[in-house]
Number of protein chains: 2
Amino acid sequence: MSKKVPPRPRNADATRAAILSSARRAFARAGYDGVGVREIAAGAGISAMMVNRYFGSKEQLFAEVVAGIMATPMILAPENLASRSLGAALAEGVVAQTASGATPLDGFLIMMHSASSRRAAEIARAEIEQHYHRQLSRALGGALAQERAAIILAIVAGIQAMRQVIGLSALAKAQPARLAAILTPVFDQLVAGPLPAARRRRHSAKTG
Amino acid sequence: MSKKVPPRPRNADATRAAILSSARRAFARAGYDGVGVREIAAGAGISAMMVNRYFGSKEQLFAEVVAGIMATPMILAPENLASRSLGAALAEGVVAQTASGATPLDGFLIMMHSASSRRAAEIARAEIEQHYHRQLSRALGGALAQERAAIILAIVAGIQAMRQVIGLSALAKAQPARLAAILTPVFDQLVAGPLPAARRRRHSAKTG
DNA sequence: GTCTATAGAAAGATAGAC
DNA sequence: GTCTATCTTTCTATAGAC
């Protein structure tokens, strides 16, 4: 063959974006350790070498992917939290967005799948605390706000994990409305927070 | 040196148990992909070759570790569920057992850390459904028992993940009593299940 | 039953041509 | 900017001596 393999049109921005997109999909599916740079490169339609040329290392690429995901608003974004009943918003949001292969929560998938890598877990923890936990703690306020926010995050992560990662039948096949009905009072309770002792026994007894 | 390296005393049962113990610790810490047979062997005080000699392959060793864990009762064992307030038992149990490097919940850690491996996820799902979810659904009873049981499992898994895998500060550093105080009403609500509409507002108003 | 030594595959990262 | 080819390391698994 006299004609060389036609080199890909040179476009740094497009290539960089293609790598990020491919990496996001790959990390969400198989985690940091479960995917190689060759596979990521193939998904972007380039050769393996380019990944390191653009991002320096697999680890730096992972960090950029995680940062990009954290920069996107999601269920716990302030807009959703301020608009209506927090409990209902959280319940409906988490049920809807963990249903199918919804991309908005790639972040949780990536973190779950990458948790076995020490470095990946550290990156995930830092980003979660900076973005989600900080925002949610402030939105909640009241006593034990940090602990309540952390527990809400843990519940969201647990639902995500059992539904999409493990694929627990009772969650994966459940009717969304039923799950939301179960979860709404749970989140409502966590949003309301511990009532002062004097009021504790009157909680939810208003119309009794 | 004329004296050879003294070979380890030959004891098949002890060696096998040592490998299983080391593997359990290693898998819980770093997941299926995150640990090599060399490391497992070192933890058992033997050479890497012995792992495959005893268990055939790394995957078979993993399967035996998981099976061994699932055979052991834990927080969700029927005894605990039947003894007292289910919500309080669940809350105190999960808080206490996710605190330090408690071994009883190695199972959750291993599954979380190994979730990126397709085979590991399948093993985990089958075992969870057969043991924990089945037991818990029966213990709960009532409407939507399967969904409620699955959500309880998801919450336990989420707390575990955020506390021990991710290491979210607000959970890792929190006082156990405070976490239990927040979680008890959450679990109580899930254990009680959705009340008939006529009774809903009287829930927890008994001694008011 | 246990060891040392190594085969064979796959990973991340790099060199140098075009 | 992109490629092919290769370096180096690390992994699982096996062979063969003692």
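What you see is a predicted model, and the numbers here were worked out from it, not measured in a lab. Letters go in sequence order (proteins before strands), and every chain restarts at 1.
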Practice task
Kindly indicate whether the side chain of A/Arg148, heavy atoms from C-beta on, has any atom under 4.5 Å from the side chain of A/Val191.
Solution key: no
Practice task
Give the ring-plane orientation class for B/Phe27 versus B/Phe62, where under 30° counts as parallel, over 60° as perpendicular and anything between as tilted.
Solution key: perpendicular
Exercise for the section: Return the 5'-most residue of the pair A/Tyr54, A/Arg38 with respect to DNA chain D, ranking by each residue's nearest nucleotide. Expected result: A/Tyr54
Problem - Nearest-Å distance for atom pair CD1/P, residues A/Ile40 and C/dG12 - result: 8 Å
Completion exercise
When rounded to whole Å, the NZ to C1' distance for the pair B/Lys58 and D/dT10 reads 12 Å
Completion exercise
Taken to the nearest whole Å, CG/B/Asp33 to C1'/C/dA11 is 12 Å
Exercise for the section: Identify whether any heavy atom of B/Phe55 sits under 4.0 Å from a base atom; if not, whether one sits that close to sugar-phosphate; answer base, sugar-phosphate or nothing. Expected result: nothing
Completion exercise
Among C/dA13, D/dG1, C/dG1, the one nearest any side-chain atom of B/Arg53 is C/dG1
Practice task
Please state how far atom CD in A/Glu59 lies from atom P in C/dA11, giving the value in whole angstrom units.
Solution key: 18 Å
Exercise for the section: Using a 4.5 Å cut-off on heavy atoms from C-beta on, say whether the side chain of A/Gln189 contacts that of B/Val186. Expected result: yes
Problem - Between C1' of D/dA13 and CD of B/Glu39, the distance in whole Å - result: 18 Å
Problem - Close side-chain approach of A/Phe55 to A/Leu20, heavy-atom, < 4.5 Å - result: yes
Exercise for the section: Look at the side-chain N and O atoms of A/Ser47 and state whether any lies under 4.0 Å from the OP1 or OP2 oxygen of D/dC3. Expected result: yes
Handout entry: Shortest side-chain distance from A/Asn52, nucleotide among C/dT14, D/dA13, D/dG1
Key = C/dT14
Completion exercise
Closest to the side chain of A/Met50, out of C/dT2, D/dT2, D/dA13, is D/dT2
Exercise for the section: Measure from the side chain of A/Met49, starting at C-beta and using heavy atoms only, and say which of C/dC3, D/dG1, D/dT4 lies closest. Expected result: D/dT4
